[in-house]
Engineer: 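Can you read through this structure? Questions will come right after.
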Amino acid sequence: MHALFEKAGHQIRKSVLMVGLPDEIITSILLELCFTDILLCSSVCKRLHDIIAASSSIQYRIELGRLGYADVPCSDLAASELLARIRKHRIAWENFAWTRSEDFSLQYQPGLIWLTSGVLAMLSAERRKITVLRLPSTSSDNGAQPLSYEFDFAVETVAMDPGADLLVLLERPTLSALPGGFCRIHVRSLSTCEPHPSAAVPVHRVSIGQLPRQHSLELIGDTIALFSRIFRLSPASLIILQWRTGLPRIRMPHSLSSEISSFCFLSPTEFLLTRFLDDPLILDKVGSEGTMFIDIYKIPQEGKIYPSGSNLHPTHVATFMLPPISEHVSIEGFTCTVDLPQSPLSYTAGCRTPDRPFSIPPENRTFSFSLAYEPDNEPLLLKHALFVHASTLLSYQKYRHTTPAPLALFPSSNPANAHVDAGTTVGNSAPANDSGSNTRCIVIPWREWGPSNTRWLEHPYGFHPGCSGSKFGQRVHPPLDCPLTKVGLVRVLDFNPHRSRADQDEDGVCDAKEDKGSEKTEGAESRDTRYTLIGEGDVMAADVTWTTVIPKGSPFKEDVYTSLPYRETIKDVGYRGKSILIDEENIVLPQYSMGTSSPVTRCLHF
């Protein structure tokens with residue numbers, strides 16, 4: 001007992017000593033803490049509360065944490081200006097209070113338009129011309145004039161990082177131009193369309209096996225990934241390389257399992273592959289149920305030298321299992337969609353000052369997974385959407401206690417060899433080209449991770465067939481042609497766990513209480529969303545914090561409960577777009593080209 005009192009007294013003396021320090025030193029200490037710890041400190045005593053409330057630097061750190069943002073290192077703005085800008089940004093998104101609306105006459109085709117960090121890129125119908133438009137931002141009221149670049153080849157798809165002045169083009173592969181299953185990746189400057197000055201190799205000739213019909217080009221920091229496949233249930237290819245050095249990181253031409261359906265970066269060193277298994281012959285052999293998987297892989301460490309032409313395999317570190325599928329349902333696809341993160345470090349190596357002093361780190365994004373399926377005896381394609389934070393998928397190590405399932409449903413170290421004998425346990429999954437460490441793959445059952453960390457939205461409220469929505473960071477917009485999305489409505493789902501405004505006092509300091517979005521209920525409540533009017537009364541908002549259920553049978557074999565909280569905000573903008581694009585400060589509602597008419601695209605600037 002005496003020891004306990006002595007320990008408590010020691011802690012009190014340490015607290016007293018800290019409070020007795022000068023304000024400048026206390027401020028420096030607080031700035032080393034994460035924003036949740038700063039909020040806890042604000043409730044310790046009046047002096048700490050006053051220091052936190054009066055410091056623009058600390059308040060800016062709190063605002064960054066609440067929004068899930070990160071500071072851009074090279075920003076030279078004063079702390080007070082940074083604070084004013086990020087608060088204006090937050091309030092604008094909470095109230096849908098965009099500063100202005102602009103219409104642009106643009107010519108482009110469905111699926112050939114991209115929006116990244118205030119830059120809009122549009123590919124022509126013949127795919128030999130791209131138009132780049134820089135939209136106005138908080139630091140620049142006037143956007144730049146559109147730039148048009150023409151090519152002597154057809155462009156298949158595009159990726160951009162405006163912070164690094166980077167434009168990546170995938171040349172459309174053809175048998176005549178690129179025989180032998182090769183394609184070219186062009187690394188260019190976004191401002192000039194010339195070869196990027198920081199790229200050691202401006203054009204990469206990579207092998208992808210047979211000519212594919214589906215491509216996914218992704219960019220994170222200095223790493224480019226190309227995922228390709230011919231058609232559904234066909235082997236796929238994955239190429240990952242560094243665009244600055246030109247060195248390969250992953251090289252798997254036409255060797256991925258046919259069950260793998262999509263690719264997404266989780267971080268600069270980790271990525272995921274989605275996979276579904278519903279082949280009756282395989283299921284009967286392994287004695288299991290059809291379901292989907294999210295497989296997590298690590299990229300081999302840098303600095304290794306591999307023989308020319310050798311395959312470089314990643315390390316399979318974890319598999320997140322999803323609920324089993326009903327035997328009366330046929331899976332048509334299970335894919336992942338996520339925005340391309342812009343690394344703050346890219347600004348330090350880039351050639352211009354950033355338009356925005358803050359960005360969204362890769363781990364703070366929300367991933368959207370789309371499940372397409374057909375019920376038996378119904379020629380109708382339905383889609384459900386699953387949402388999960390990237391941080392959840394990156395925290396697979398905490399599930400190491402879970403019991404591994406048979407490897408028959410999980411890929412081996414080489415994803416090309418996904419089918420092995422039933423009953424084998426997951427282990428020793430390091431690939432031949434890795435360090436050789438005995439890495440054990442962590443298999444995580446749905447009940448261990450899914451119900452409290454995800455949210456399923458079912459058809460028709462989720463993703464409607466043939467329509468595309470958009471997402472950026474934690475914000476998601478369902479497709480405009482969704483039956484529940486009326487003409488002219490903009491509807492955004494914000495999955496930021498710290499988005500609530502109700503816990504902020506008049507000094508701008510949040511109370512250190514548990515976030516309301518973390519409330520969970522036993523069972524599931526009916527969908528009875530109660531909207532409140534905000535702003536000037538033309539915006540409706542609701543916090544969805546209850547547990548919802550998708551009843552068994554369509555498409556799952558059992559009831560599926562999920563409870564990831566989100567905030568839904570709706571506003572009638574009086575304009576009908578054909579699709580929607582979102583970034584940090586803009587909502588873009590494009591109109592597709594129809595005949596000789598000039599379509600009008602509306603851009604809402606926050």
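Here, residue 1 is the first one in the sequence, and each next residue gets the next number. Note: hydrogens, waters and symmetry copies are ignored here, and every other heavy atom, side chains too, is used.
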Engineer: Is there a donor-acceptor pair under 3.5 Å between the side chain of S261 and the backbone N or O of F334?
Structural biologist: yes
Engineer: Whether R275 engages the ring of F293 as a cation-pi pair (distance to the six-membered ring centre under 6.0 angstrom, angle to the ring normal within 45°) should be assessed.
Structural biologist: yes
Engineer: Is there a donor-acceptor contact under 3.5 Å from the side chain of H89 to the main chain of I91?
Structural biologist: no
Engineer: Has the side chain of R365 got a donor or acceptor atom that lies under 3.5 Å from a matching backbone atom of P362?
Structural biologist: yes
Engineer: Determine yes or no for a side-chain-to-main-chain donor-acceptor pair under 3.5 angstrom, with T569 supplying the side chain and A541 the backbone.
Structural biologist: no
Engineer: Hey, which of F387, F556, F369 is the one that makes ring-ring contact (aromatic ring centres under 6.0 Å, His included) with W456?
Structural biologist: F556
Engineer: Would you kindly say whether S370 and T335 are connected by a side-chain donor-acceptor distance under 3.5 Å?
Structural biologist: no
Engineer: Looking at N496 and R66, would you say the former's side chain and the latter's main chain have a donor-acceptor pair under 3.5 Å?
Structural biologist: yes
Engineer: Side chains of L394 and E270: closer than 4.5 Å at any heavy-atom pair?
Structural biologist: yes
Engineer: Is any side-chain heavy atom of L219 closer than 4.5 Å to one of T116?
Structural biologist: no
Engineer: As an exercise, state the distance from OG of S228 to NE2 of H215, rounded to the nearest 0.5 Å.
Structural biologist: 5.0 Å
Engineer: Is there a side chain to side chain contact (heavy atoms under 4.5 Å, CB included) between I325 and M292? Walk through the geometry before answering.
Structural biologist: CA-CA 8 Å; I325 295 295; M292 296 82 63; 3.6 Å; yes
Engineer: Tell me whether T315 contacts the main-chain N or O of V317 through its side chain, where contact means a donor paired with an acceptor under 3.5 Å.
Structural biologist: no
Engineer: Working to the nearest 0.5 Å, report the span between CD1 of I570 and CG of L493.
Structural biologist: 8.5 Å
Engineer: Please verify the inter-ring angle class for F263 with F265; under 30° counts as parallel, over 60° as perpendicular, anything in between as tilted.
Structural biologist: perpendicular
Engineer: Under 3.5 Å, side chain of W446 to main-chain N/O of P324, donor-acceptor pair present?
Structural biologist: no
Engineer: Find out whether I587 and V573 are in side-chain contact, i.e. whether some heavy atom of one side chain is under 4.5 Å from a heavy atom of the other.
Structural biologist: no
Engineer: Between Y60 and D71, is the side chain to side chain contact (heavy atoms under 4.5 Å, CB included) condition met? List the steps.
Structural biologist: CA-CA 9 Å; Y60 179 60; D71 190 31; 3.0 Å; yes
Engineer: Which pair of non-hydrogen atoms, one from G68 and one from P361, has the smallest distance, and what is that distance?
Structural biologist: O-CD, 3.3 Å
Engineer: With a 4.5 Å cut-off on side-chain heavy atoms, are I240 and T223 touching?
Structural biologist: yes
Engineer: Using a 3.5 Å distance criterion without hydrogens, assess whether the side chain of T291 forms a donor-acceptor pair with backbone atoms of L322.
Structural biologist: yes
Engineer: May I ask you to check whether Q474 and T366 show a side-chain donor-acceptor distance below 3.5 Å?
Structural biologist: yes
Engineer: Are any of the side-chain heavy atoms of E218 and F227 separated by less than 4.5 Å?
Structural biologist: no
Engineer: Please name the pair of heavy atoms, one in Y531 and one in R491, separated by the smallest distance, quoted to 0.1 Å.
Structural biologist: OH-NH1, 4.0 Å
Engineer: State which residue, out of D494, D543, T545, fulfils the side-chain hydrogen bond (donor to acceptor under 3.5 Å, both in side chains) condition with R567.
Structural biologist: D543
Engineer: Answer whether the closest heavy-atom distance between the side chains of D538 and F96 falls below 4.5 Å.
Structural biologist: no
Engineer: Any non-hydrogen side-chain atom of E585 less than 4.5 Å from a side-chain atom of L135?
Structural biologist: no
Engineer: Contact between L238 and I260 at the side-chain level, heavy atoms closer than 4.5 Å - yes or no?
Structural biologist: no
Engineer: Using 4.0 Å as the upper bound for N to carboxylate O, is an ion pair formed by K552 and D559?
Structural biologist: no
Engineer: Under 3.5 Å, is there a donor on one side chain and an acceptor on the other for S117 and D583?
Structural biologist: no
Engineer: So, the side chain of R455 versus the backbone of L564: is there a donor-acceptor pair under 3.5 Å, distance only?
Structural biologist: yes
Engineer: Kindly compute the distance separating CZ (R400) from SG (C441), expressed to the nearest 0.5 Å.
Structural biologist: 9.5 Å
Engineer: Would you compute the distance between atom CG of D572 and atom CE of M540 and round it to the nearest 0.5 angstrom?
Structural biologist: 9.0 Å
Engineer: Suppose we screen for ring pair (Phe, Tyr, Trp, His ring centres under 6.0 Å). Which residues come up paired with F320, at least two apart in sequence or across chains?
Structural biologist: W449
Engineer: Can any side-chain N or O of T454 pair as donor or acceptor with the backbone N or O of P451 at less than 3.5 Å?
Structural biologist: no
Engineer: Between Y297 and F271, how do the two ring planes meet: parallel, tilted or perpendicular, split at 30° and 60°?
Structural biologist: parallel
Engineer: Which heavy atom of V329 sits nearest a heavy atom of G553, and at what distance?
Structural biologist: CG2-O, 4.0 Å
